[in-house]
S.K.: 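Sharing a structure with you now.
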Amino acid sequence: MTTTPLEGTGRLTAGPLADGAVSPVRPRRPRRRGRSAPYWFLVPTLTLFAAFTVVPIGYAIWLSLHKVQVKGAGLGRGARAEVWNGIGNYTAVFEDSEFGHSILRAFGYGLIVIPTMLGLALVFALMLDTPLVRGSSFTRLAIFLPYAVPGIIAAVMWGFLYLPDVSPFYYVLRALDLPQPDLFDGGNLYLSLANIAVWGGTGFNMIVIYTALRAIPLEIYEAAKIDGASNLKIALRIKIPIVMPSLVLTFFFSVIATLQVFTEPKTLRTLTNGVSNSWSPLLAIYDSAFGRSDIYGASATAVVLAAATFLLSFTLLRISDRFTREDKA
């Protein structure tokens, strides 16, 4: 048999060969048209990601490796030039004791905020998941509503409530002849800042945990009740272990938010001298870049903070993943 093309199609058909052998028919190649279409839909997202994430990160790293060299009195054209500095800016970051103190202040701030916020979010989520609760939709909205308030507005609102001259709380304390603590001094400042973060962040974390609770099959609860388990035992032995991945997720978000706290101390600083220019790491970076016009040192500090945040998040994720695997085993 021999292969001959069909008229008008170009396809090959089997025909007799001279020696009686059979020639295989060529398979038709699948069309590749349209296989690249999904990748074109990624182009806008990748372009925006590159323009607003990759390029700024690369530019910050580039700035962190340079410095300004001043010649003479620094006047005239060419008196100030950008030169290579290597790791000089990074060395200055690690030698800056004030930046280290800002890390410690953020750590102390997180010790107050994270347990309190996640604890309240878990309690509210468990309460809303109980069938005996009335008006759960309104309560859920009321708890979540503070999260919808912009952080700067919340900081301004609470800041005026902390001021003795305009706060209604101090008016009540004066009327009752009770002590009037200074909420902008010493340890009280940590509580004042933590209160703003807890008030605004509890609702978001509650929604995350509550969504995970609603995904649990009702058959598990029914089986536990048949075995005589109370609502408290169901919450402690069934609900909390199942939503543990959601708790870990909210914990990671809270750790990152703690290291990046900026709005609250920056806003309260306009109301009191108790908040320094470098109270938090981001506030120190902001003051270095725009207060002292040291954009190169600020870039190095930002890179160090980003790397520390990544390493901390990666370490906590690996630890939680190891414990999760051990529990499953």
Side-chain angles (χ1 to χ4, degrees), residues 52-53 56-57 59-61 63-64 67-68 89-117 146-147 149-163 182-201 204 252-313:
F52 295 101
T53 302
I57 291 176
Y59 185 58
I61 296 175
L63 286 175
S64 67
K67 68 176 183 178
V68 171
N89 292 325
Y90 293 96
T91 304
V93 171
F94 290 107
E95 293 177 352
D96 187 5
S97 61
E98 190 60 31
F99 180 71
H101 293 159
S102 68
I103 295 289
L104 294 178
R105 283 190 287 266
F107 180 75
Y109 167 82
L111 288 179
I112 301 173
V113 172
I114 296 176
T116 305
M117 182 171 59
Y147 177 75
V149 179
I152 188 170
I153 295 178
V156 170
M157 179 186 68
W158 281 104
F160 280 102
L161 290 177
Y162 295 154
L163 290 176
D182 186 0
L183 298 178
F184 291 124
D185 180 46
N188 292 334
L189 178 61
Y190 286 86
L191 297 177
S192 300
L193 291 170
N195 173 65
I196 301 174
V198 171
W199 181 79
F204 170 79
F252 288 154
F253 287 162
S254 301
V255 170
I256 295 173
T258 298
L259 292 176
Q260 297 179 352
V261 59
F262 175 79
T263 303
E264 293 83 359
K266 177 63 177 177
T267 304
L268 293 185
R269 189 176 176 277
T270 60
L271 303 176
T272 177
N273 295 326
V275 182
S276 63
N277 293 333
S278 58
W279 193 91
S280 67
L282 281 188
L283 200 59
I285 295 173
Y286 178 87
D287 179 68
S288 177
F290 303 104
R292 292 177 289 169
S293 299
D294 184 12
I295 190 67
Y296 304 95
S299 299
T301 308
V303 172
V304 170
L305 181 62
T309 303
F310 173 78
L311 291 177
L312 180 61
S313 302

S.K.: Would you compute the distance between atom CG of L189 and atom CD of E264 and round it to the nearest 0.5 angstrom?
M.R.: 11.5 Å

S.K.: With rounding to the nearest 0.5 angstrom, report the CG to CG distance, L312 to L305.
M.R.: 10.5 Å

S.K.: Report yes if some heavy atom in the side chain of I196 is under 4.5 Å from a heavy atom in the side chain of Y162; otherwise report no.
M.R.: yes

S.K.: Using modelled atom types and a 3.5 Å cut-off, is there a donor and acceptor pairing between side-chain atoms of S313 and backbone atoms of F310?
M.R.: no

S.K.: Heavy atoms only: give me the nearest T309-L259 pair and the separation to one decimal.
M.R.: OG1-CD1, 3.6 Å

S.K.: Give the ring-plane orientation class for F204 versus F253, where under 30° counts as parallel, over 60° as perpendicular and anything between as tilted.
M.R.: tilted

S.K.: Can you confirm whether F184 sits close enough to V275 that some side-chain heavy atom of one is under 4.5 Å from a side-chain heavy atom of the other?
M.R.: no

S.K.: Suppose we screen for salt bridge (Lys or Arg N to Asp or Glu O under 4.0 Å). Which residues come up paired with D294, at least two apart in sequence or across chains?
M.R.: none

S.K.: Of all the heavy-atom pairs spanning F99 and A284, show the shortest one and how long it is.
M.R.: CD1-CB, 4.5 Å

S.K.: Provide the closest heavy-atom pair for A197 versus Y109 in the form atom of the first, atom of the second, distance.
M.R.: CB-OH, 3.0 Å

S.K.: Does some side-chain heavy atom of L191 sit less than 4.5 Å from a side-chain heavy atom of I112?
M.R.: yes

S.K.: Side chain to side chain contact (heavy atoms under 4.5 Å, CB included) between F107 and I103: does it pass, once the steps are laid out?
M.R.: CA-CA 6 Å; F107 180 75; I103 295 289; 5.5 Å; no

S.K.: What's the separation between atom OG in S276 and atom CG in L283, rounded to the nearest 0.5 Å?
M.R.: 7.0 Å

S.K.: Using the side-chain contact (heavy atoms from CB on, under 4.5 Å) definition, which of the options I57, I61, V93 pairs with V303?
M.R.: I61

S.K.: Can you measure from CD1 (I152) to OG1 (T267) and round to the nearest 0.5 angstrom?
M.R.: 4.5 Å

S.K.: As an exercise, state the distance from CG of L268 to CG of N273, rounded to the nearest 0.5 Å.
M.R.: 12.5 Å

S.K.: Kindly give the heavy-atom pair with the smallest separation between I114 and S254, and that separation in Å.
M.R.: CG1-CB, 3.9 Å

S.K.: Could you check Y59, Y90, Y296 and say which one makes a side-chain contact (heavy atoms from CB on, under 4.5 Å) with S64?
M.R.: Y90

S.K.: Should the ring pair W199 and W158 be called parallel, tilted or perpendicular, given that the plane angle runs from 0 to 90° and is split at 30 and 60?
M.R.: perpendicular

S.K.: Starting at CG of D182, measure out to CG of L163 and round the result to the nearest 0.5 Å.
M.R.: 10.0 Å

S.K.: Would you name the heavy atoms of P281 and S102 that are closest together and state the gap between them?
M.R.: CD-O, 3.6 Å

S.K.: Counting N and O atoms only, with roles assigned by atom type, does the side chain of S192 sit under 3.5 Å from a partner on the main chain of L183, one being a donor and the other an acceptor?
M.R.: yes

S.K.: Who passes side chain to side chain donor-acceptor pair (under 3.5 Å) against S278, sequence neighbours left out?
M.R.: E98

S.K.: For A106 and T258, work out which heavy atoms get closest and say how close.
M.R.: O-CG2, 3.3 Å

S.K.: Step through the shown structure and confirm whether more than 12 heavy atoms of other residues, nucleotides or ligands are within 6.0 Å of OH on Y190.
M.R.: yes

